[in-house]
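Here is the structure we will look at, set down as structure tokens.
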Amino acid sequence: MAPTTSNESEYKGIAASPGVAHGPAYVFIKRDLEIPRRMVAPEQMEEEIARFERALLATRQQISQIRAEIEERLSEEEASIFDAHMLVLEDRALIEDTIREMIDSGLNIEHAFQEVSNRYIDAFANIDDEYIKERATDIRDVSRRVMNNLLGKRDSGLDRMDIPHVLVVDDLTPSDTATLDRTKVLGIVSNQGSRTSHSVIMARSINVPCVVGIKDFSSQVQLGDPVLVDGFDGTVLLQPSDQSLFRYGKIKIERQNIQKRFQAVKDLPAATTDGKTVRLMLNIDGLESEEVLTRSGAEGVGLFRTEGLFLSGKFPDEDEQFEVYKRIVQQMSPYPVTLRTLDLGGDKNPHSSLYGYQEANPFMGFRAIRFCLENTEVFKDQLRAILRASAYGKTKLMYPMISSCEEVVAANVLLEEAKNELMKRGEQFDPDIQSGCMIEIPSAAVITDLLADHCKFFSIGTNDLIQYMLAVDRVNDRISHLYEPNNPAIMRALNFIFESGRRKRVPVSVCGEMASDPVYAVLLFGMGASELSLNWSSIAEVKYLIRRITFADARQLAFSVLRASGPDEIAQLLRTFQKTHLGIEFPSMKNW
Ligand code: PEP
Ligand code: MG
């Protein structure tokens, strides 16, 4: 933190999503509650029970209010999640066990309730049944509310943000981001996080300025404090002075003018001055508006992260998924849509009860295709839903986190089974639907020539490829400085994948965040990407740069970068390229 004029304090973090936002802070922290422990005399027990009943009643009222709000804002279906919470509150066994525990232990009701609810949570979480495991999550949520009411505390919840705020969090999970009311979030500041954590990617996709990795920021801020977020260079100002507000007002206008220049080419082809084109596609999570899908200037969807639909606590069934996939395929038609099968796990864990245990290394754990190949019913529900959507427009299917040919073969067997099941049901689908895989694990990068025999296309996931190649957890801000796309190892791996694809005549696209950065986009194009899939908000600026260069410029950049000996030299090459061909400075994946 650096003191500035007036009461203003300046903090530096990682610039995670571009833009400038200013507004009152909304501090959202999920701390472990401190549960008091004290003896209760027998004559006080009646009052303890009365306190418990009042807390249960207050919780019921809160939940029915939230249910009504969610129903109005989203849908009856989303709201029905809270019916399960009501059932927990009405569970006589839980209530009676709590009272018995208090009488037996002679300790206060908070302590008794914590003991009993933890016993219930553990019992449910350890049963090998998805539905029952979800009940553990319900009990955890409801218990926290009851406990807050017993303690007379208010748990600031994201659902209570009634006017637009800058959201200040310790860490934001993708499920928190999925449930955000996007009209109420001006900007986000987070103590933890990194540029490629999924909640940050989601923030970028909804165009909310975001700065992450400012240790302890949330403990410096009070609800309502004015905060300014500069997502271009990672600065956050607490109590910004009038001078700063004026300065940032000007920056905002400059950025808007630059954006206007970018937007002017949005609907023109992504073609170099000598006529070589690259297809620019969209990365989506299924929650985008029709406007974003159809007016971004993209030529289809290169990555639909379908797990976005699975993060709100309940897995959608085949029909529910089909409706979403079909709508998007129809909206994008005649352009293609690549649906990536479920990539749950890592930092996209809807609730820990999914696994029944906490993983020590979730990014190297039970994630994506590994989960799907063991939960074949969940996987086949999804494959059938995707296949059915393919009857409504050009659709492709992509497997995430592939590390061997055997995994692709196993997934393709299930795909054939799903096709046969649909045929028996007389349902329509595209029998020639193309399936391909993500190249995001080093072992897959090395065997792209072998994988090519089982795949119609590859898409490079640079977010994971970098983390796995460099052994740098992509969401750990303590080591984010080691997450280095400019490491020559990364450049060589990318080049190797493009070359293998070329030799085997399998098209290679890129859908990791590198593709959303204009200069990296040019570099990937120069290396051989036939298609780049990006955030909708980056389409215009990537097009703008591509339309100002020749293909030879892109090839030359790739050639020089591949000959460079280290990250500094590569950064210098990229910086010079940007200066020469763009003349405008704008945010980049690395602060060059
Ligand atoms: C990637 O890893 O680059 C990618 C696109 O997938 P995700 O970010 O969803 O892991
Ligand atoms: Mg990935």
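For ligands, and for the atoms within them, numbers begin at 1 and follow the listed sequence. We're numbering straight along the sequence, starting at 1.
One finds a salt bridge joining D477 and K215 here, because a Lys/Arg side-chain nitrogen approaches an Asp/Glu carboxylate oxygen to under 4.0 Å. R295 and D267 are not joined by a salt bridge, as no carboxylate oxygen comes within less than 4.0 angstrom of a charged side-chain nitrogen. With salt bridges taken as basic N to acidic carboxylate O contacts below 4.0 Å, none links E359 and R367. With respect to E307 and R340, a salt bridge is recorded, a charged nitrogen being found less than 4.0 Å from a carboxylate O. With respect to K326 and D319, no salt bridge is recorded, no charged nitrogen being found less than 4.0 Å from a carboxylate O. Contact check on K348 versus D343 returns a salt bridge, with a Lys/Arg side-chain nitrogen under 4.0 Å from an Asp/Glu carboxylate oxygen.
Inside a sphere of radius 2.8 Å centred on the Mg ion (ligand 2), the protein N/O/S atoms present are E440 OE1, D464 OD2.
Checking S435 against K396 by side-chain atom types alone, no donor-acceptor pair falls below 3.5 Å.
Looking only at distances, a side-chain donor or acceptor of D233 sits under 3.5 Å from a matching main-chain atom of T235.
Listed by chain and number, H198, I201, L303, R305, R340, D343, K348, R367, M438, E440, G461, T462, N463, D464, R474, C511, G512 each place a non-hydrogen atom less than 4.0 angstrom from ligand 1.
In this structure, F363 has its ring center no closer than 6.0 Å to that of Y468.
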